[in-house]
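Scroll down for the structure; my scribbles are underneath it.
First the proteins, then the strands, lettered A, B, ... as listed; each starts at 1. Predicted, not measured: the structure shown is a model, and the values here were computed from it. Values below: all heavy atoms of this structure, side chains included; hydrogens, waters and symmetry mates excluded.
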4 protein chains.
Amino acid sequence: MDFQLLPYEAPDFSLPHLAAAPDARLAPAPKDGVAPEQYHAMSIFPEYIKHDGQWHLVKESRMDCVAVWENGDFQVKEFRHLKQGDQIVVGRTEDGREGILMHAHGFHAPNAPQDTFAFRQGRTRETGFSRDYQELYDLLRYEKDHGKIVWVMGPAFTFDARARDAFARLVKAGYVHGVLAGNALATHDLEGAYLGTALGQDIHTQESRPNGHYNHLDTINRCRLYGSIPEFIHGENLHDGIICACEEMGVPYVLAGSIRDDGPLPPVIGNVYDAQDAMRNQVRGATTLICLATMLHTIATGNMFPSYRVLPDGTVRSTYFYCVDIAEFTVNKLSDRGSLSARGIVTNVQDFAVNLAQNLGLM
Amino acid sequence: MDFQLLPYEAPDFSLPHLAAAPDARLAPAPKDGVAPEQYHAMSIFPEYIKHDGQWHLVKESRMDCVAVWENGDFQVKEFRHLKQGDQIVVGRTEDGREGILMHAHGFHAPNAPQDTFAFRQGRTRETGFSRDYQELYDLLRYEKDHGKIVWVMGPAFTFDARARDAFARLVKAGYVHGVLAGNALATHDLEGAYLGTALGQDIHTQESRPNGHYNHLDTINRCRLYGSIPEFIHGENLHDGIICACEEMGVPYVLAGSIRDDGPLPPVIGNVYDAQDAMRNQVRGATTLICLATMLHTIATGNMFPSYRVLPDGTVRSTYFYCVDIAEFTVNKLSDRGSLSARGIVTNVQDFAVNLAQNLGLM
Amino acid sequence: MDFQLLPYEAPDFSLPHLAAAPDARLAPAPKDGVAPEQYHAMSIFPEYIKHDGQWHLVKESRMDCVAVWENGDFQVKEFRHLKQGDQIVVGRTEDGREGILMHAHGFHAPNAPQDTFAFRQGRTRETGFSRDYQELYDLLRYEKDHGKIVWVMGPAFTFDARARDAFARLVKAGYVHGVLAGNALATHDLEGAYLGTALGQDIHTQESRPNGHYNHLDTINRCRLYGSIPEFIHGENLHDGIICACEEMGVPYVLAGSIRDDGPLPPVIGNVYDAQDAMRNQVRGATTLICLATMLHTIATGNMFPSYRVLPDGTVRSTYFYCVDIAEFTVNKLSDRGSLSARGIVTNVQDFAVNLAQNLGLM
Amino acid sequence: MDFQLLPYEAPDFSLPHLAAAPDARLAPAPKDGVAPEQYHAMSIFPEYIKHDGQWHLVKESRMDCVAVWENGDFQVKEFRHLKQGDQIVVGRTEDGREGILMHAHGFHAPNAPQDTFAFRQGRTRETGFSRDYQELYDLLRYEKDHGKIVWVMGPAFTFDARARDAFARLVKAGYVHGVLAGNALATHDLEGAYLGTALGQDIHTQESRPNGHYNHLDTINRCRLYGSIPEFIHGENLHDGIICACEEMGVPYVLAGSIRDDGPLPPVIGNVYDAQDAMRNQVRGATTLICLATMLHTIATGNMFPSYRVLPDGTVRSTYFYCVDIAEFTVNKLSDRGSLSARGIVTNVQDFAVNLAQNLGLM
């Protein structure tokens with residue numbers, strides 16, 4: 001079964017209540033970083049806002065942010081980026097009566113019940129995931145050439161030699177167009193490349209090395225001495241693992257700092273709001289997002305990933321969002337997205353990565 | 001790397017304290033089903049008991065049961081099987097001084113540190129399992145021809161079409177020599193074969209069928225009408241899934257009843273102590289035990305599975321015990337076995353089964 | 001806030017489609033233990049079945065069982081209890097058109113939104129439970145005198161001295177009218193009373209006793225020597241804990257056997273279907289069911305506990321069902337009951353029991 | 001039982017191998033933020049370093065940081081704070097032979113087995129926690145007047161009205177000397193004070209308010225308009241909850257930013273390494289650390305909390321570390337601290353807080 005995008009049906013703006021709807025009201029930000037009262041908070045769904053009698057589809061939406069009228073279009077901005085006087089959409093209805101229309105059900109699965117693609121509530125260890133896997137393989141083959149696949153990764157991933165290898169193969173085969181992670185993921189992965197261990201355990205034999213608890217610190221310290229990851233990789237002649245594959249293929253990765261970091265590695269972004277911005281820049285244009293074993297990064301990224309994407313030719317397509325985790329709690333935390341294209345898979349991400357690489361013919 | 005059994009080193013009975021050890025004391029059961037005071041409770045490890053000046057290796061041990069001298073050898077019996085007057089080993093030391101010697105560390109991994117094969121305490125979602133998988137593939141290829149592989153299965157397993165198919169392939173390829181499960185596993189599996197659903201959801205498309213919540217009851221009721229699973233399979237011309245594969249290959253399966261059962265299916269054993277006996281009969285001779293996503297059956301079976309096996313030629317070999325579950329709690333519940341050959345793998349059993357079938361070349 | 005039962009609104013049988021509905025069709029069981037094709041499976045909700053032109057409210061319903069016309073009324077029976085020729089209700093609609101009417105929404109919370117009392121899907125560690133606790137205290141005070149409170153208990157409960165004491169106080173204060181559990185709960189509790197330990201650890205200081213792993217076996221063996229729990233309690237002068245409190249207060253307890261049991265203790269019911277029957281006999285008349293840390297017993301009991309109860313004067317009242325567990329998976333497994341009166345609480349049952357005893361003024 | 005500190009036994013430096021030990025070697029940092037090769041990484045245990053023939057106890061240790069000789073003493077610094085030329089202790093032994101002595105077992109529990117106070121590996125939902133609670137009550141009563149109690153809190157805590165109230169009472173009664181948390185904890189807590197909801201649900205009745213999903217954003221936006229939390233509290237006349245209690249009592253709180261933050265609230269520290277520094281400043285002097293339902297903050301803080309404290313009079317006392325979480329995974333993640341004074345409690349933190357407040361006589 002080849003992959004097909006779901007067709008998008010735009011709202012019918014000739015309907016009387018939409019045709020007669022007023023322009024959305026704008027109000028100025030009272031001071032830097034503060035929205036006016038009754039500001040409208042955006043969602044992950046397509047939203048149309050009326051201005052000068054025209055409905056504008058907001059292009060790069062973000063949950064819980066506000067729409068600012070700027071340079072002839074609506075920009076979605078975080079509160080902290082607002083400037084005093086910015087013209088901000090106000091109104092707390094979403095059915096058009098205030099010039100704001102949320103269009104949550106624009107994508108249709110043609111030969112399937114309406115809810116088939118939905119994020120089935122309460123996905124558990126007892127859910128069958130065969131169909132999800134099959135659809136994901138098809139999706140990835142499609143997105144490899146026609147979309148942008150961004151991966152969000154927790155650190156546990158790199159402790160397993162085979163999963164690490166599987167992911168490096170996915171990178172090299174073109175299935176990875178961006179990586180969002182933290183200091184720990186990069187540190188453990190580079191420890192593997194530099195010293196052959198993960199937290200001091202041999203990644204192949206799992207034997208503990210003498211004084212191996214120094215290995216992740218030595219990796220960080222060495223990288224800091226070189227001054228950058230590329231110089232470290234070149235200087236020490238590293239070549240396996242996730243970060244090396246990303247560097248080799250020119251795949252951008254954003255490493256966000258956290259309060260539990262050692263080091264950190266040179267490219268880690270210490271200010272979390274700068275990190276948010278860098279992540280959102282990576283997510284712009286992303287059409288599929290796959291989150292592996294990290295609740296923090298998954299929620300952060302999910303909030304900035306709209307359920308739709310406006311292509312250069314104006315076509316509106318759906319995006320796909322996968323959350324893979326061994327804890328139902330994490331998987332279901334995202335379930336209120338209610339998007340047609342969100343899926344949770346409850347498993348160990350090591351097996352998930354190996355599954356993917358094997359079934360895409362990479363190992 | 002080909003698989004090799006760990007060599008067994010028997011105790012040195014010429015050591016003075018063992019040579020001088022007395023015979024173990026025997027005391028009669030005071031009434032049916034009751035052991036004498038100070039009875040000795042057996043373990044999963046090799047234990048030697050002295051009788052008439054000879055050390056006897058107890059052959060089919062079982063945790064928390066007692067050793068009875070009967071017909072010239074020691075039999076390990078559950079309390080409920082004791083008869084008044086049975087001659088039962090008493091003594092609560094294990095170092096030989098009372099004629100009882102537990103030999104917990106008889107197996108050696110030659111080129112590896114002592115603890116390499118141990119059930120590493122605290123296995124989690126963050127443990128790397130590559131090496132465990134590789135060793136398991138090697139082990140299964142060996143055991144297929146030289147051992148007896150018994151599988152213990154929770155019901156969730158059958159909800160996924162691909163995992164169910166993977167397991168059927170394992171059965172047909174000879175990797176399954178016995179199955180221990182409950183009414184639910186068999187019911188859901190047969191529902192798949194009979195009606196194409198699992199709890200009413202199509203196992204391929206995952207669409208809910210109209211009135212699908214009747215499907216498992218209809219399956220049970222139909223099977224009860226036929227009177228047996230083989231007649232049901234034959235009468236309705238069923239051919240896919242786990243139970244069909246077992247019937248086709250003559251693989252014995254024991255289905256133990258539980259208080260949450262509907263039906264039950266005809267071969268389910270309603271009395272749990274009879275079920276225990278039937279399970280133990282299947283476990284006799286087993287050399288590898290793989291437990292999938294069931295805490296209850298895993299603990300029950302683990303207790304009756306000794307860490308060693310005495311082969312017909314007298315050789316003592318180690319056995320292998322795997323516990324696969326998505327919950328660390330379940331996996332680590334078994335960790336106090338402390339056996340050289342016990343392993344926990346934290347993942348979704350669906351992926352585990354597919355991994356196995358793929359890496360053994362079966363799908 | 002005092003506790004008030006929700007008023008019940010019976011269906012309006014004068015509605016044309018109900019008045020005109022036919023009698024429900026009856027068909028004979030084709031053989032012992034087998035229902036006829038198209039049998040109707042009962043639910044936990046009030047169901048009315050038409051016979052001789054009269055709508056009969058089925059009194060003691062049970063999920064996934066069938067209704068048999070017998071002695072002028074409908075009896076709900078398990079498949080295994082059917083006799084060849086039994087007259088069984090057939091039909092798979094529930095809206096009256098076949099003489100079968102399920103009435104799922106008969107209870108109304110007067111000043112609250114319809115869904116307030118519902119089992120909110122997806123209860124997690126992040127749900128606030130203050131209101132649930134407050135309502136539960138009120139409910140228990142009411143049920144103590146006007147209802148029947150049955151507790152379903154997993155074994156973990158007894159490992160904590162304070163929780164064990166809290167529960168004994170609940171028993172002695174009259175908040176416990178029946179207990180459903182297994183061999184392990186009773187064994188660990190009696191080990192505490194007999195030897196002061198739980199699995200060999202001192203229940204007060206948590207120090208491990210020498211050879212303490214014998215303690216649960218010694219407890220079982222001693223009790224088997226006495227022949228019954230009451231004789232054991234009397235003979236050894238035991239007086240603390242759950243079982244002693246039940247015996248002292250004449251509270252019935254059903255202990256169902258399982259395949260992981262040692263022993264078992266004398267009153268444990270080995271045949272799980274006999275145990276089901278004994279449990280259902282305890283549940284008859286129960287108005288509140290509280291399940292603590294046991295998935296198996298919770299599901300088993302939940303299936304046999306209807307969401308309503310017909311009082312001697314003919315009044316229909318709602319029942320209350322609580323599931324308390326530290327695992328969201330267990331709590332949410334029951335969430336599809338969809339009953340007005342089902343609640344899940346995610347916490348450690350030790351704290352739950354102590355909370356209850358403290359807030360009911362018992363400790 | 002009144003609380004007593006464990007006595008500390010310093011190493012016996014007159015032992016020949018310690019008396020003869022050389023001074024620890026110092027090497028200069030090769031550039032800013034980089035340690036020299038073979039740097040010594042500190043632990044949470046007391047460590048003595050020899051300099052000019054004298055053993056110096058390092059006072060404010062921190063896991064995985066380095067010791068710098070500065071102004072006549074050893075300072076423990078994060079890599080990122082190193083300046084080129086800083087004199088850093090090198091050596092990777094800990095037994096004194098290189099002038100570095102780690103003293104992990106200096107605290108003794110007098111009448112208890114050596115391991116009684118240890119963080120028992122594998123604490124689970126089945127562990128009995130009575131004794132831990134009792135000891136904690138005693139500890140808190142002692143620390144209230146003689147120590148410094150710092151609390152580390154995840155956001156879930158504030159969703160429950162009673163738990164929020166319980167914690168506010170702990171603050172007002174003097175059991176809280178510092179709080180480490182994130183933007184979410186403060187936002188949800190202030191939403192409760194400002195609008196009476198948590199994520200839009202009434203914190204008392206749990207009813208969802210219309211457009212309640214705006215409430216946390218409105219809270220943040222309003223606070224940003226005021227410019228600070230104290231001005232917000234004063235301007236809107238807020239008075240209940242955790243943050244209000246901290247402001248009222250002058251209890252310092254550090255709010256660290258994260259990539260999933262909305263807003264943030266004005267005092268949130270966006271740069272995680274600045275946040276680390278602020279947290280460590282709060283932890284300086286702390287003698288008891290209690291971590292509630294946050295893996296990220298718990299690990300971050302645990303790493304900077306030494307197992308001992310040097311009092312002004314030179315006495316060395318032990319510190320206490322509690323990790324309370326509903327997930328065994330989180331609780332056991334800290335178990336390798338191996339400290340005499342670390343404890344894990346597996347429960348819902350709501351119940352934990354209420355338990356504490358009730359048993360300390362505060363509610």
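Contact annotation: the side chain of R222(B) approaches that of E37(C) to within less than 4.5 Å [non-hydrogen atoms, C-beta and beyond].
Geometrically, R224(C) does not engage F79(B) in a cation-pi contact defined by less than 6.0 Å to the ring centre and at most 45° from the axis.
Proximity to chain C (any heavy atom under 4.5 Å) is shown, for D64(B), by both the backbone and the side chain. Residue V268(B) touches chain C through its side chain alone, counting heavy-atom pairs closer than 4.5 Å. In this structure, chain B has heavy atoms under 4.5 Å from both the backbone and the side chain of H297(C). Both the backbone and the side chain of A35(B) have a heavy atom closer than 4.5 Å to some heavy atom of chain C. Neither the backbone nor the side chain of H81(C) has a heavy atom closer than 4.5 Å to any heavy atom of chain B. Residue contact with chain C, scored on non-hydrogen atoms closer than 4.5 Å, involves the side chain of M279(B) exclusively. For chain C, no part of F329(B) is nearby; none of its heavy atoms comes within less than 4.5 Å. In this structure, chain C has heavy atoms under 4.5 Å from both the backbone and the side chain of D261(B).
Smallest separation of non-hydrogen atoms from L296(B) and S258(C): CD1-OG, 3.8 Å. Heavy-atom minimum distance, Y39(B) versus Y214(C): O-CE2, 3.6 Å. The minimum heavy-atom distance linking G257(B) with V272(C) is given by the pair C-CG2, 3.7 Å. Scanning all heavy atoms of the two residues, the minimum distance from A41(C) to L217(B) falls at CB-CD1, 3.9 Å. Considering every non-hydrogen atom in both G263(B) and R80(C), the closest pair reads O-CB, 3.7 Å.
Looking only at heavy-atom pairs under 4.5 Å with chain C, the residue among P264(B), C65(B), A275(B) that has the most is P264(B). Between chain B and the residues A327(C), P30(C), G33(C), the most heavy-atom pairs under 4.5 angstrom are made by G33(C). Among the candidates V34(B), I299(B), I259(B), the residue making the largest number of heavy-atom pairs closer than 4.5 Å to chain C is I259(B). For chain C, the option among T298(B), D262(B), N211(B), D218(B) with the highest count of heavy-atom pairs below 4.5 Å is D218(B).
In this structure, the separation between CE on M63(B) and NE2 on H213(C) is 10.0 Å, given to the nearest 0.5 Å.
Residue R92(B) qualifies as enclosed at atom CZ: its count of foreign heavy atoms under 6.0 Å is above 12.
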